[in-house]
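To start, the structure itself, in C-alpha cells.
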Amino acid sequence: MPVGGHRHIRIARPSKDLAAAERFWVAGFGLSVVYRAQGGTDPGEHDLLMVGRPEASWHLELVHEAARPVMPRPTEEDLLVVYLDEPVPEELVARLEEHGGKRVLSPNPYWNEWGVTIEDPDGYRLVLCRRSWSNA
C-alpha cells in the first residue's frame, strides 16, 4: 500500500531526560505537548512525551524506559530540519540555548550557510533553515 500525502508521521527517539527534552522542545522551540504517559519501573514500561502542533500531521515522540534505558546515539547527520522561509530569529536561538540547547557548527557547510544548528539535550540536531522547501 503506497503512503499518501496526508498520512501522519511520528518521529520517535529515545531520551535520557524527558524533563530536559520538554524544556527544549516546548519552552524553547514552542511546540505543544500533544500526549504524555507515565510508565512503570518494569521492563517494557516507559515514559512517553509527544510534542508537536495539534493541527499538524506529524509529532516528535520521546521515550524513556527506566528499567532498560536506551541512550540516544545521534550522529552529526541526524537532523530535524525546519525550513523557516525567513531569517533565523536570534531570540529563538537564544531561547533554545536557555532551555538546554547548544549551538554547534555542522560538518556540512550548506547548513552553516543557510541556517543555525542546535543540539537538543539528547544530542540530536535541530537545523533552523532560512530557506523554504517544497516537494512539488
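The analysis underlying the following values was restricted to heavy atoms, covering all of them including side chains, and did not include hydrogens, waters or symmetry mates.
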Drop me the distance from [X]'s [atom1] to [Y]'s [atom2], to the nearest 0.5 angstrom.
{"X": "Glu119", "Y": "Asp78", "atom1": "CD", "atom2": "CG", "result": "10.5 Å"}
{"X": "Lys16", "Y": "Met71", "atom1": "NZ", "atom2": "CE", "result": "5.5 Å"}
{"X": "Ile118", "Y": "Leu92", "atom1": "CD1", "atom2": "CG", "result": "8.0 Å"}
{"X": "Ser32", "Y": "Met50", "atom1": "OG", "atom2": "CE", "result": "14.5 Å"}
{"X": "Glu97", "Y": "Glu90", "atom1": "CD", "atom2": "CD", "result": "8.5 Å"}

[X] with [Y], same ILVMFWY side-chain cluster at under 4.5 Å:
{"X": "Val81", "Y": "Val104", "value": "no"}
{"X": "Leu80", "Y": "Leu62", "value": "yes"}
{"X": "Trp58", "Y": "Leu84", "value": "yes"}
{"X": "Phe24", "Y": "Leu31", "value": "yes"}
{"X": "Tyr110", "Y": "Trp133", "value": "yes"}

Closer than 3.5 angstrom, by distance alone: can the side chain of [X] be matched with the main-chain N or O of [Y] as a donor-acceptor pair?
{"X": "Asp122", "Y": "Tyr124", "result": "no"}
{"X": "Arg36", "Y": "Leu49", "result": "no"}
{"X": "Arg130", "Y": "Glu113", "result": "yes"}
{"X": "Asp120", "Y": "Ala21", "result": "no"}
{"X": "His99", "Y": "Arg23", "result": "no"}
{"X": "Asp47", "Y": "Gln38", "result": "no"}

Taking all non-hydrogen atoms of both residues, which atom of [X] and which atom of [Y] are closest, and how far apart?
{"X": "Leu18", "Y": "Leu48", "value": "CD1-N, 4.0 Å"}
{"X": "Pro121", "Y": "Gly100", "value": "CG-O, 3.9 Å"}
{"X": "Pro107", "Y": "Glu77", "value": "CG-OE2, 3.7 Å"}
{"X": "His8", "Y": "Ala56", "value": "CE1-O, 3.8 Å"}
{"X": "Pro14", "Y": "Pro72", "value": "O-CG, 3.5 Å"}
{"X": "Trp111", "Y": "Cys129", "value": "CZ3-SG, 4.0 Å"}

Pro69 vs His64 side-chain heavy atoms within contact, under 4.5 Å: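 SC-SC contact between Pro69 and His64 confirmed.
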Min side-chain heavy-atom separation Leu128-Leu96 under 4.5 Å: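 Of all side-chain heavy-atom pairs linking Leu96 with Leu128, at least one is under 4.5 Å.
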side-chain contact (heavy atoms from CB on, under 4.5 Å) assessment of Leu60 paired with Arg13: CA-CA 8 Å; Leu60 180 60; Arg13 297 176 173 170; 4.1 Å; yes
Ring geometry between Trp25 and Phe29 (parallel below 30°, tilted from 30 to 60°, perpendicular above 60°):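 Rings of Phe29 and Trp25: perpendicular, over 60°.
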Ile11 atom CD1, neighbour heavy-atom count above 12 within 6.0 Å: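 Enclosed.
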Between Ser106 and Asn112, a side-chain donor and acceptor under 3.5 Å: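 Their side chains do not contain a donor-acceptor pair, so the 3.5 Å distance test is not met.
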